[in-house]
Engineer: 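The structure under discussion is supplied below as C-alpha cells; questions concerning it will follow.
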There are 2 protein chains.
Amino acid sequence: MEKDLYGVCPFVTAQKILTGKWTLLIMHHLNLKTMRFSELQRALPHLTQSTLTKQLRMMEGNGLVIRTVYSQIPPKVEYSLSDLGYEFKPVLSTLETWGNKYLDFLKKN
Amino acid sequence: MEKDLYGVCPFVTAQKILTGKWTLLIMHHLNLKTMRFSELQRALPHLTQSTLTKQLRMMEGNGLVIRTVYSQIPPKVEYSLSDLGYEFKPVLSTLETWGNKYLDFLKKN
DNA sequence: CTGGATCCCTTATGATACTG
DNA sequence: CAGTATCATAAGGGATCCAG
C-alpha cells in the first residue's frame with residue numbers, strides 16, 4: 001500500500017482499510033477462527049465467489065489476512081488473521097456494541 | 001435508512017454507516033466539538049465543498065449528526081453529534097489506536 | 001456563508017462462464 | 001476446491017458553476 005500524504009492520520013488509514021463492503025464481516029469471522037475459502041463462502045452467502053476472492057486479496061495485500069495454501073488435490077486454502085489483524089479485535093468489539101445500539105435505534109423509528 | 005434482511009447484523013450495519021470515505025474523520029472532529037460548515041471545511045482541506053455537503057447529509061440521514069440552522073444573514077449552520085453519534089466514541093478510540101499501529105507497521109515495511 | 005444542480009469519472013461490486 | 005477472466009453495472013466521489 002502506498003504511503004501518501006494523507007496517510008499520516010490514523011482515521012484516514014483506518015477508513016481506507018475498511019472501504020471494502022465486506023471487510024468487517026470477514027474480519028469478524030476470521031477473528032473467531034481460521035477458515036477455508038469454502039467455509040467463508042458458506043458463512044457469507046451474499047457475496048459471489050469472485051467478490052470474496054477480491055476482498056480477501058485486498059485484505060491480504062493490506063496485511064490483515066494470511067493466506068496459506070496446501071499443495072494437494074483437491075486444493076485447500078486457509079485464511080487467518082495476521083498479528084495486525086488480531087489487534088483489530090477491540091475495534092470489532094466496540095463496533096459490534098455500537099452496531100447493536102444502532103439496530104435498536106432503527107427499530108424504534 | 002431501509003431495514004433489509006442483511007440489516008440484522010451489527011457488523012453489516014456498521015459497515016453501511018462507515019462506507020463514506022470521510023465519515024470517520026468527520027465523526028472524529030465533531031466528537032471533539034460542534035463545528036460550523038466552514039470550520040469543517042478548513043479542518044478537512046481534501047474534500048470539496050460539494051462532497052462535504054453530501055457526506056454530512058448522509059450522516060444526518062443516518063441519524064449520526066444533527067444539523068442546526070440559524071436563520072440569519074450571513075447563514076450559520078452548526079453540526080454536532082447525536083446521542084447515537086456520541087455513543088460511537090469508543091469505536092473512534094479503538095480505531096485510532098489501531099490506525100496508529102497500522103501506520104507503525106507501514107513504516108517498518 | 002452555506003449550499004444546490006450538473007456532469008463526469010473512477011472504483012467497487014456483481015453475473016457468468018471456465019479451469020487446474 | 002479454489003480460484004481466474006471477462007463483461008456489465010452501480011455507486012461514490014469530485015469539479016465546476018450558480019444562488020439565497
Side-chain angles (χ1 to χ4, degrees), chain A residues 1-2 4-7 11-12 14-27 29-30 34-62 64-80, chain B residues 1-2 4-7 11-12 14-27 29-30 34-62 64-80:
Chain A
M1 201 165 111
E2 97 273 37
D4 53 38
L5 289 174
Y6 314 72
F11 295 108
V12 174
Q15 185 95 63
K16 269 188 200 162
I17 305 302
L18 302 181
T19 46
K21 191 172 170 183
W22 306 98
T23 310
L24 284 178
L25 225 27
I26 296 174
M27 291 295 284
H29 283 291
L30 293 185
T34 294
M35 292 177 83
R36 296 183 59 168
F37 186 84
S38 51
E39 281 185 285
L40 277 169
Q41 265 195 288
R42 279 189 292 277
L44 304 164
H46 298 107
L47 284 82
T48 60
Q49 202 173 36
S50 80
T51 302
L52 178 56
T53 300
K54 286 175 200 165
Q55 296 279 321
L56 288 169
R57 289 284 180 284
M58 192 186 71
M59 294 167 74
E60 191 191 359
N62 286 337
L64 295 178
V65 162
I66 294 176
R67 179 167 174 267
T68 309
V69 180
Y70 297 86
S71 297
Q72 58 180 53
I73 304 293
K76 174 176 170 181
V77 178
E78 284 188 339
Y79 292 91
S80 56
Chain B
M1 199 165 111
E2 97 273 36
D4 53 37
L5 289 174
Y6 314 72
F11 295 107
V12 174
Q15 184 96 63
K16 272 188 199 162
I17 305 302
L18 302 181
T19 46
K21 191 171 171 182
W22 305 99
T23 311
L24 284 178
L25 224 28
I26 296 175
M27 291 293 284
H29 283 290
L30 293 184
T34 294
M35 292 176 85
R36 295 185 57 170
F37 186 83
S38 51
E39 280 186 286
L40 277 169
Q41 264 195 288
R42 279 190 292 278
L44 304 164
H46 299 108
L47 282 83
T48 61
Q49 203 171 37
S50 81
T51 302
L52 179 56
T53 301
K54 284 176 201 167
Q55 297 278 322
L56 288 168
R57 287 285 179 283
M58 192 187 70
M59 293 167 75
E60 192 191 358
N62 285 337
L64 295 178
V65 162
I66 294 177
R67 180 166 172 265
T68 309
V69 180
Y70 298 86
S71 298
Q72 57 180 53
I73 304 291
K76 174 178 170 181
V77 179
E78 284 187 341
Y79 292 90
S80 56

Engineer: Show the nearest heavy-atom pair for residues A/L47 and A/Q55, with the distance to one decimal.
Structural biologist: CD2-CG, 4.4 Å
Engineer: Does B/S38 reach a base, just sugar-phosphate, or nothing at all? Heavy atoms under 4.0 Å.
Structural biologist: sugar-phosphate
Engineer: In whole Å, I'd like the distance from the CD atom of A/Q15 to the P atom of C/dT11.
Structural biologist: 17 Å
Engineer: Measuring from the side chain of A/V77 (C-beta onward, heavy atoms only), which nucleotide among C/dT2, C/dG14, D/dA2 has the closest atom?
Structural biologist: D/dA2
Engineer: Counting just side-chain N and O atoms, does A/R36 come under 4.0 Å of either OP1 or OP2 of D/dA2?
Structural biologist: yes
Engineer: Does C/dG14 have OP1 or OP2 under 4.0 Å away from a side-chain N or O of A/T51?
Structural biologist: yes
Engineer: Using a cut-off of less than 4.0 Å, is there contact between a side-chain N or O of A/Y79 and OP1 or OP2 of D/dC1?
Structural biologist: no
Engineer: Looking across every strand, which nucleic acid part, if any, lies under 4.0 Å from B/Y70 by heavy atom: base, sugar-phosphate, or nothing?
Structural biologist: nothing
Engineer: To the nearest Å, how far apart are A/Q49 CD and D/dG3 C1'?
Structural biologist: 6 Å
Engineer: Give me the atom names and distance for the closest heavy-atom approach of B/P75 to B/R36.
Structural biologist: O-NH2, 3.5 Å
Engineer: What is the separation between atom CG on B/L47 and atom C1' on C/dT2, rounded to the nearest whole Å?
Structural biologist: 15 Å
Engineer: Could you state the atom-to-atom distance from CZ of A/R42 to P of D/dA2 in whole Å?
Structural biologist: 8 Å
Engineer: Between D/dG14 and B/K54, counting only base atoms on the nucleotide and side-chain atoms on the residue, is there a donor-acceptor pair under 3.5 Å?
Structural biologist: yes
Engineer: Using atom CG of B/L52 as one end and atom P of D/dG13 as the other, report the distance to the nearest whole Å.
Structural biologist: 12 Å
Engineer: I want to check something: taking the side chain as every heavy atom from C-beta on, are B/L64 and B/M27 in contact at a cut-off of under 4.5 Å?
Structural biologist: yes
Engineer: Expressed in angstrom and rounded to an integer, what is the separation of B/E78 atom CD from C/dG3 atom C1'?
Structural biologist: 16 Å
Engineer: Ignoring hydrogens and geometry, is there a side-chain-to-backbone donor-acceptor pair from B/Q15 to A/G20 under 3.5 Å?
Structural biologist: yes
Engineer: Please classify the nucleic acid contact of A/K21 as base, sugar-phosphate, or nothing, using heavy-atom distances under 4.0 Å.
Structural biologist: sugar-phosphate
Engineer: Please tell me which of A/S50 and A/P74 maps to the more 5' nucleotide of DNA chain D, matching each residue to the nucleotide holding its nearest heavy atom.
Structural biologist: A/P74
Engineer: Got a second to check how far A/L52's CG is from A/I26's CD1, nearest 0.5 Å?
Structural biologist: 5.5 Å
Engineer: Quick one: which of C/dC1, C/dG4, D/dT4 gets closest to the side chain of B/T53?
Structural biologist: C/dG4
Engineer: Please report, rounded to the nearest Å, how far the C1' atom of D/dG14 is from the NE2 atom of B/H46.
Structural biologist: 14 Å
Engineer: Taking the six-membered ring for Trp, are A/F37 and A/Y79 parallel (under 30°), tilted (30 to 60°) or perpendicular (over 60°)?
Structural biologist: tilted
Engineer: Please state how far atom CD in B/Q72 lies from atom C1' in C/dT2, giving the value in whole angstrom units.
Structural biologist: 12 Å
Engineer: Where the side chain of B/R67 is defined as all heavy atoms beyond and including C-beta, which of C/dT2, D/dT4, C/dG3 is the nearest nucleotide?
Structural biologist: C/dG3
Engineer: What contact category does B/E39 fall into here, base, sugar-phosphate, or nothing, at under 4.0 angstrom with non-hydrogen atoms?
Structural biologist: nothing
Engineer: Using heavy-atom distances to pick each residue's nearest nucleotide on DNA chain C, tell me which of A/P75 and A/T19 is more 5'.
Structural biologist: A/T19
